[in-house]
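Single-structure report; data block below.
The shown structure was predicted, so the numbers you read here are calculated from the model rather than taken from an experiment.
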Amino acid sequence: MSNTDPAPEAVTLRAGVVDAVDVLEARKAAIGDGTEVRRLLPQRVLRTIGAWCFLDHYGPDDTSAGPGMQVPPHPHIGLQTVTWLFDGLVLHRDSLGSKQLITPGELNLMTSGRGIAHSEESPASPARPALLHGVQLWIALPREHQFAEPAFAHHADLPVLRSGDARVTVVVGEHAGERSPATVFSPLAGLEVTLPDGGSVTLPAADGFEYGVIAADGPAEVGCPAVAGAPARIEPGMLAHLPAGVPSVTVSAAGPRRLFVVGGVPLGEPLVMWWNFVARTAAEITAARDAWIAGAFGEVRGYAGNPLAAPPLPPGGLKPR
């Protein structure tokens, strides 16, 4: 998925650490043809959670009329994209020649490395369901892997843990002894937590991990006995952040809920992120933009539309802040 802001900021990304459960509100942004998303990462007070550096939550949107999601071909460097659906269908194409329809409960993981281009769109009617609802996340590649060869993988069979009625799908990384088959390059966890009848579940935390929790469907509470204060209340458009070193994360809700949890060891290295690029220096981003304009990322075949144009660089060049 793409960041289509007409004047994207250049920011220095550093992991944030707090002393209690902190709740942050999303800002609204548009992607592709104007599909509205709730952008939960990065924020000025919280740039990353582990190596997770970007989190958009979109929907549920009625896509029964019109084209649905249409995100034209666009470039990425220095990151992995994670596409996860709660409802609906999305068709992925990329410059490696990949073409993959993703459904709820399956993972699309794209590694950009030194450079890749891709598009995402709702399949044509009448094949697509009425609702589209999901999250799009980026994982910053560590310095030693930021120029890796690009790759794409689809995983339909992911480990699932049960605790009472709660269901925890290990989408990315490792949790409670179960590991996703997806290849990642940092200590991470990405989990879908389903509470079919409400109630609560306590997730054991990995050593040194910080965590973020979003509620997909409605209000929920997030807490930890070792963290000061009462459980924090969140709803769609909010992110609960728990500091590194918590022993567990408890989520609860009064009714059926789906939540998405991200976690990881605080990143510990600054990043520069602008438009759809994650890098270490402004020069790397400028070079990637020039390469996109020159057509060096390759062609995304099959998308019925033009690629995204690169926005202008900020006046005076990139100034991380």
Side-chain angles (χ1 to χ4, degrees), residues 16-26 38-41 43 45-46 49-50 52 55-60 82 84-87 104-105 107 131 133-135 137 158-178 180 188-264 266:
V17 177
V18 297
D19 296 322
V21 180
D22 196 15
V23 176
L24 307 173
E25 291 192 13
R38 295 173 287 278
R39 185 150 294 160
L40 292 150
L41 281 179
Q43 300 201 29
V45 295
L46 182 67
I49 296 175
W52 301 96
L55 198 174
D56 275 356
H57 177 206
Y58 55 90
V82 172
W84 185 258
L85 294 178
F86 301 114
D87 302 285
L107 168 66
L131 291 182
H133 184 194
V135 287
L137 307 102
L158 297 166
V160 177
L161 298 92
R162 296 186 181 274
S163 176
D165 292 334
R167 173 185 170 101
V168 180
T169 303
V170 184
V171 180
V172 172
E174 188 173 6
H175 174 71
E178 293 287 344
S180 166
L188 289 174
L191 314 170
E192 184 191 69
V193 178
T194 302
L195 300 172
D197 299 308
S200 67
V201 63
T202 296
L203 309 173
D207 288 346
F209 274 34
E210 59 180 331
Y211 287 90
V213 184
I214 71 163
D217 305 305
E221 290 192 337
V222 181
C224 172
V227 174
R233 184 182 186 276
I234 58 171
E235 56 188 56
M238 296 179 177
L239 170 72
H241 177 233
L242 292 92
V246 295
S248 62
V249 178
T250 298
V251 295
S252 59
R257 294 289 182 272
R258 291 172 295 183
L259 304 101
F260 202 87
V261 179
V262 295

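- The minimum heavy-atom distance linking Leu107 with Trp84 is given by the pair N-CZ3, 4.1 Å.
- In this structure, Ala254 has no side chain to side chain contact (heavy atoms under 4.5 Å, CB included) partners at least two apart in sequence or on a different chain.
- Contact record, Leu242 with Ser248: CD2-O, 4.5 Å, taken as the closest heavy-atom pair.
- Judged by distance alone, the side chain of Asp217 and the main-chain N or O of Arg258 form a donor-acceptor pair under 3.5 Å.
- Residues that satisfy the salt bridge (charged side-chain N to carboxylate O under 4.0 Å, His left out) test with Arg257, not counting sequence neighbours, are absent from this structure.
- Checked against Ile214 for a side chain to side chain contact (heavy atoms under 4.5 Å, CB included), the options Leu55, Leu41, Leu259 give a single hit: Leu55.
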Only distances under 3.5 Å count here; give the side-chain donor-acceptor pairs of residues 230-240 to other protein atoms, sequence neighbours excluded, each with its distance to 0.1 Å.
residue: Arg233; atom: NH1; partner: Glu235; partner atom: OE1; Å: 2.8

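- Heavy atoms only, all atoms of each residue included: Tyr211 and Val261 are closest at CD2-CG1, 3.9 Å.
- At distances below 3.5 Å, not a single donor-acceptor pair connects side-chain atoms of Arg39 with backbone N or O atoms of His57.
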Determine all donor-acceptor pairs shorter than 3.5 Å in which one atom belongs to a side chain in residues 194-208; sequence neighbours excluded.
residue: Thr202; atom: OG1; partner: Thr250; partner atom: OG1; Å: 2.8

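- Between Phe86 and His133, the ring planes are tilted. Angles from 30° to 60° get that label.
- One distance of note links CD of Glu174 with CG of Leu191; it measures 11.0 Å at 0.5 Å rounding.
- Here the CG atom belonging to Leu40 is positioned 13.5 Å from the CH2 atom belonging to Trp52, to the nearest 0.5 angstrom.
- Of all heavy-atom pairs spanning Gly218 and Ala215, the tightest one is O-CB, 3.2 Å.
- Applying the side chain to side chain contact (heavy atoms under 4.5 Å, CB included) criterion to Pro256, with sequence neighbours excluded, gives no partner residue.
- Of the possible polar contacts, none joining the Thr169 side chain to the Val160 backbone as a donor-acceptor pair under 3.5 Å is found.
- Rounded to the nearest 0.5 Å, atoms NE2 (His241) and CG (Leu24) are 8.0 Å apart.
- Residues passing the side chain to side chain contact (heavy atoms under 4.5 Å, CB included) test with Pro104, sequence neighbours excluded: Leu85.
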